[in-house]
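Working notes, beginning with the structure itself.
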Amino acid sequence: MKNEEIARILYEIALYLEMKEVAFKPAAYEKAAESIEALEEDVEDIYKKGGLKALEDIPAIGKGISERIKEYLETERIKDYEKLKKQIPVDIQTLSAIEGIGPKLIKLFYQKLKIKNIGDLERAAKAGKLAKLPHSGEKLQEKILKGIEFYRRSHSRFLLGAALPLADKIEKRLNKAKSVIKAACAGSLRRRQETIGDLDFLVACPERSRGVVMDFFVSMPEVIHVFAKGSTKSMVQLRSGIAADLRVVDEKSFGAALQYFTGNKDHNIKLRKIAIKKGYKLNEYGLFRGKKQIAGRDEKEIYEKLGLAWIPPEIRNNLNEIEAGQENKIPRLVELRDIKGDLQVHSNWSDGSNSIEEMAMAAKKIGYQYTAITDHTKDLAMTGGSDEKRLLKQMSEIDKINEKLFKKGNFRILKGAEVNIRKDGSLDIKDEVLEKLDIVGAAVHSSFNLSKEEQTKRLIRAMENLHIDIIFHPSGRLLGQRPGIELDWDEIFKAAKETGTILEINAQPSRLDLNDDNIRRAKNMGIKLSVGTDAHSTAELSYNIYGISQARRGWCEKKDVINTMNFPEILAFLKKPKSKRF
DNA sequence: GCCGTTTTCGGCCCGACTGTTTTCAGTCG
C-alpha cells in the first residue's frame, strides 16, 4: 500500500511550493495529500483498475496530480519533486512538524545557515545563530528550542482513552471557575477521534473577565509551559505531553465558537461555503448577514439557519453528513444508555484480574441486564486459557453463580469464550463444546504477517463455523503500535452477511477495532455489530464510552448494535441459527 | 492545481497570537 508515502510526498511538495511563494498550489497539493491519506483503497489498485481516469475521480486529484501519482507508481519517483528537493535539501517533514516552524523559516534557515535537520537546528539555536537572522530574535530562538524539546518528547498523538479523562477534568474545573459562564472541550476530542493531537477548550465569560480566566488556565497544576497567552487565546503544554488551547468568547458567540473549533476542517469549509451562498458569513463569532449576527449563541441555531439539522460531532467529517443534514436524514445515533449488556468480558479464569462474580456484579451496577464472560482458550496458554474440559467446568460454575446471585432474573451471566483463530482459520476448541456456550467470539492473536489472501481466507473460515457468533477485534490492530492484519474487507463483509456473523466494535482505547469507515460499510450492508469492552478488570467495563463513540462515528443506530437488546430479546436472537439472524 | 447551483475561467475560509516591526510576516488551527 503506497498511499501513505504518496500522501507524504504531496505534503512535502505543498511545503516546497509555499517556500517558493507559489499562489494556491500549496493548498491544492495539501488537499490532494489529505484525500489520498483518507483513502481506504490502495491507490495502486485504483490506477491498475481504471488508469489515469480513475485517479482523477479521487476528490482533490485532477490532471496535474494524477500524472504525478502515475509517475510515482511507475518509476518510484517524481521528477518535479526531486527538483524541488535539490533546491532546498532538508528534512522538511520533521522540521515543519516543530511547533512554530513553517516553510518560510525552513527556507531562511537553510539559505543563511545551511540547516538541514532537527540536529542542525538545535545546534544553531544553542549557538545563538538563529537570533541574528533577519526578522528573528532571542525570543524566536528560545521558542524554537522549546519546540524541539516538545517534538522529541511527545511527537505522537494521544489515545482518546488517555485524553478524554484529562479533558473532562479540566472542563469541569473551568466550568466551576470564577466568571466562567460555560466551558466545553471542542476539537478532535469532541469528535471522539481515535487519537487526539491536542485539547481545545472554549469558555464563555464577560469581556472584562477574560484576563482572569486566562490567568486561571495557564496556572493550572498540569501546565508546564505557556506557548502563547493573549486576551482571547492561549496555548499551553501539559505535563502528560499533550498541548491544550483555550479560546475565550462572549456568551453570544459560544455556539458559533463550539461549532468552529469542533471541526473538522472540511466540514467547516463546506458549511462556510453554504453560508456564503445564502448571503451570510460564518466565523467563530457567529453567523452574520452584513454586520448583524443572526445566530451564534447556540450551535444548533447555526445549523438551522443554514438549512440543516444539527449534526452530532462524531460524524462531522464531510463524509455526506452535511447532505444528510440538508435532507433531514441524520440518523439517531446509538447512545450509551441504549447498551443493555457487555459481550466481551474476561475474568480471572484467564488473564482478567477479577472473579466472575465481581465482573458480573460490576456490570449489574452499571445498570446492565446481562454480561457475557468470554475468557481466552487453550492456544493462549500464557493467559491461562481454558481447554475443553476446563471450559465445561467454567460453564457449570457460571450456572451456579446465576442460580445463587441472580435467581430473581434481574441479571444474567452468558456463558461465552474468546476462542483463538489459528493460522489456517481453524479454532482451538472443539465444536461439541462450543455448541454448549451461549455466545462464542473468535479472534486472531498471532500470525499477523500473512498475505491479504491468506488472512481473508482465514477469517472467512472462522465465520463459516456455525457456532461462532462474533468476530472480536476483527483487524487486530493496536493504535500506534501495530497495523491490523491485511484483509479484503469487501470479502469479509460479504462473508459476515452471508454467514450471519456479528462483527465487534472493540472498546479498548488502543484497539477501537473495527474502525469508523468499516463500521459504516458493515452497517450499510445490514451486518449486525456488537460493542464489547474486552474488560480485564471491573474498572475497564467503563471503556464502553469509547466503543459507543466509535459506533457513532460509524453512523450506528440502536438497531445496528445487538447488545442494545433487552435480555429476553438477545437470548432469542442467539438461539436463532446464524443464517436467520440478519 | 482543483473545481463547478458563480461550470472551462476565475476564484480559492478566516481570524488570533507572536515577534520584530512601526504596518506586517509567519504560523497555527
Side-chain angles (χ1 to χ4, degrees), chain A residues 10 13-19 21-35 55-69 80 95-109 130-144 146-147 186-189 196-202 210 214 218 226-236 243-249 253 256-257 259-288 307 318 323 326:
Chain A
L10 295 177
I13 293 176
L15 287 167
Y16 280 122
L17 293 172
E18 222 168 306
M19 283 181 198
E21 299 187 41
V22 179
F24 300 112
K25 288 190 192 184
Y29 273 94
E30 210 174 290
K31 276 185 80 172
E34 283 166 8
S35 182
L55 290 179
E56 280 182 52
D57 284 342
I58 302 170
I61 309 290
K63 280 204 171 357
I65 294 178
S66 62
E67 279 289 349
R68 286 175 174 80
I69 293 173
D80 288 344
L95 289 174
S96 64
I98 297 167
E99 172 90 19
I101 295 186
K104 304 287 166 62
L105 287 176
I106 294 175
K107 182 181 172 188
L108 179 75
F109 295 158
L130 299 185
K132 298 198 181 87
L133 294 172
H135 290 279
S136 309
E138 292 288 338
K139 286 201 172 170
L140 180 74
Q141 184 166 276
E142 219 164 281
K143 185 175 156 185
I144 287 172
K146 286 277 184 198
S188 54
L189 188 110
I196 307 295
D198 58 16
L199 305 179
D200 297 296
F201 293 100
L202 207 62
R210 285 178 180 173
M214 283 303 177
V218 302
V226 180
F227 290 121
K229 183 180 172 224
S231 65
T232 67
K233 178 183 175 180
S234 290
M235 298 167 66
V236 301
D245 296 357
L246 174 65
R247 296 287 294 235
V248 177
V249 295
S253 295
Q259 194 290 314
Y260 182 94
F261 290 109
T262 296
N264 75 4
K265 200 167 105 190
D266 289 340
H267 176 92
N268 283 357
I269 288 173
K270 198 156 195 173
L271 274 194
R272 258 168 274 159
K273 284 180 179 167
I274 291 172
I276 290 166
K277 253 176 227 154
K278 289 185 181 284
Y280 302 142
K281 186 176 81 164
L282 177 63
N283 60 27
E284 60 262 56
Y285 302 107
L287 184 65
F288 296 89
N318 189 27
E323 292 77 1
Q326 285 172 325

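Just so it is clear: chains get the letters A, B, ... in the order the sequence lines come, proteins before strands, and each one is counted from 1.
Put simply, CG on Leu282(A) is 9 Å from P on dC14(B), counting in whole angstrom units. Nucleotide dT21(B) holds its P atom 13 Å from the NZ atom of Lys139(A), rounded to whole Å. The interatomic distance linking Ile269(A) (CD1) with dC3(B) (P) rounds to 14 Å, in whole Å. Remark: C1' of dC2(B) and CG of Leu17(A) are 14 Å apart, rounded to the nearest angstrom. With rounding to whole Å, Tyr285(A) atom OH is found 8 Å from dG15(B) atom P. The separation between Ile144(A) atom CD1 and dG19(B) atom C1' is 11 Å, rounded to whole Å. Here the P atom of nucleotide dT20(B) and the CG atom of Leu130(A) are 11 Å apart, to the nearest Å. Between Asp266(A) atom CG and dC2(B) atom C1' there is a gap of 14 Å when expressed in whole angstrom units.
Look at the P atom in both dA16(B) and dT21(B): the space between them is 24 Å, to the nearest Å. Spacing of P atoms, dT6(B) relative to dC2(B), comes out at 22 Å, to the nearest Å. With both ends at atom C1', the span from dC3(B) to dT8(B) equals 10 Å, rounded to whole Å. Comparing the P positions of dC12(B) and dC17(B) gives a spacing of 25 Å, expressed to the nearest Å. Taking atom P in both dG11(B) and dT18(B), one finds a spacing of 35 Å when rounded to whole Å. Here the separation of dC14(B) from dT20(B), taken at their C1' atoms, is 24 Å to the nearest Å.
In this structure, Asn283(A) does not reach the dC14(B) phosphate: none of its side-chain N or O atoms is under 4.0 Å from OP1 or OP2. One finds a side-chain N or O of Thr232(A) lying less than 4.0 angstrom from the OP1 or OP2 phosphate oxygen of dC17(B). Between Arg247(A) and dG15(B), a side-chain N or O to OP1/OP2 separation shorter than 4.0 Å is absent.
When each of dT20(B), dG1(B), dC17(B) is scored by its nearest atom to the side-chain atoms of Arg68(A), the top-ranked nucleotide is dG1(B). Considering only the side chain of Ala60(A), dC3(B) comes nearest among dC3(B), dG1(B), dC17(B).
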Open item on the list: Strictly under 4.0 angstrom, non-hydrogen atoms only: write out the protein contact profile of nucleotides 23-29 of chain B, one letter per nucleotide from the 5' end, B, S or -.
Closed with: ---SSSB
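Contacts of Glu138(A) with the nucleic acid, taken as non-hydrogen atoms under 4.0 Å apart, involve only primed sugar atoms and P, OP1 or OP2. Note on Pro59(A): only backbone sugar-phosphate atoms sit closer than 4.0 angstrom, heavy atoms only; bases stay farther off. Residue contacts for Ser231(A): at a heavy-atom cut-off of 4.0 Å it reaches the sugar-phosphate backbone alone, with no base atom in range.
Rounded to the nearest 0.5 angstrom, Ser234(A) OG and Met214(A) CE are separated by 4.0 Å. Leu10(A) CG to Leu15(A) CG: the interatomic distance, rounded to the nearest 0.5 Å, is 11.5 Å. To the nearest 0.5 angstrom, Ile269(A) atom CD1 is 9.0 Å from Asn318(A) atom CG. One distance of note links CG of Leu246(A) with NZ of Lys229(A); it measures 11.0 Å at 0.5 Å rounding. The line from CD1 of Ile274(A) to CG of Leu287(A) is 11.0 Å long, rounded to the nearest 0.5 Å. Atom OG of residue Ser96(A) and atom CE of residue Met19(A) lie 8.0 Å apart, to the nearest 0.5 angstrom.
dT8(B): no Watson-Crick or G-U partner with both key distances under 3.5 Å is found in any strand.
Residue Lys31(A) places its NZ atom among 12 or fewer non-hydrogen atoms of other residues, nucleotides or ligands, all under 6.0 Å distant. For Glu142(A), the CD atom is loosely surrounded, since the number of other residues' heavy atoms within 6.0 Å does not exceed 12.
Between Lys277(A) and Glu56(A), the residue anchored closer to the 5' end of DNA chain B is Glu56(A), taking for each the nucleotide with the nearest heavy atom. Position along DNA chain B of the nearest nucleotide to Leu140(A) versus Lys63(A) favours Lys63(A) as the more 5'-ward residue.
A 4.5 Å side-chain heavy-atom check between Val249(A) and Tyr260(A) finds every atom pair outside the cut-off. Contact annotation: the side chain of Met235(A) never approaches that of Asp198(A) to less than 4.5 Å [non-hydrogen atoms, C-beta and beyond].
In this structure, Phe24(A) does not count as stacked on the base of dC2(B) under the 5.5 Å centre distance and 30° plane angle limits.
Remark: the backbone N or O of Ala186(A) is not paired with any side-chain donor or acceptor of Asp200(A) at under 3.5 angstrom.
For the segment residues 25-34 of chain A, the set of residues with a heavy atom within less than 4.0 Å of an atom of DNA chain B comprises Lys25(A), Ala28(A), Tyr29(A), in numerical order.
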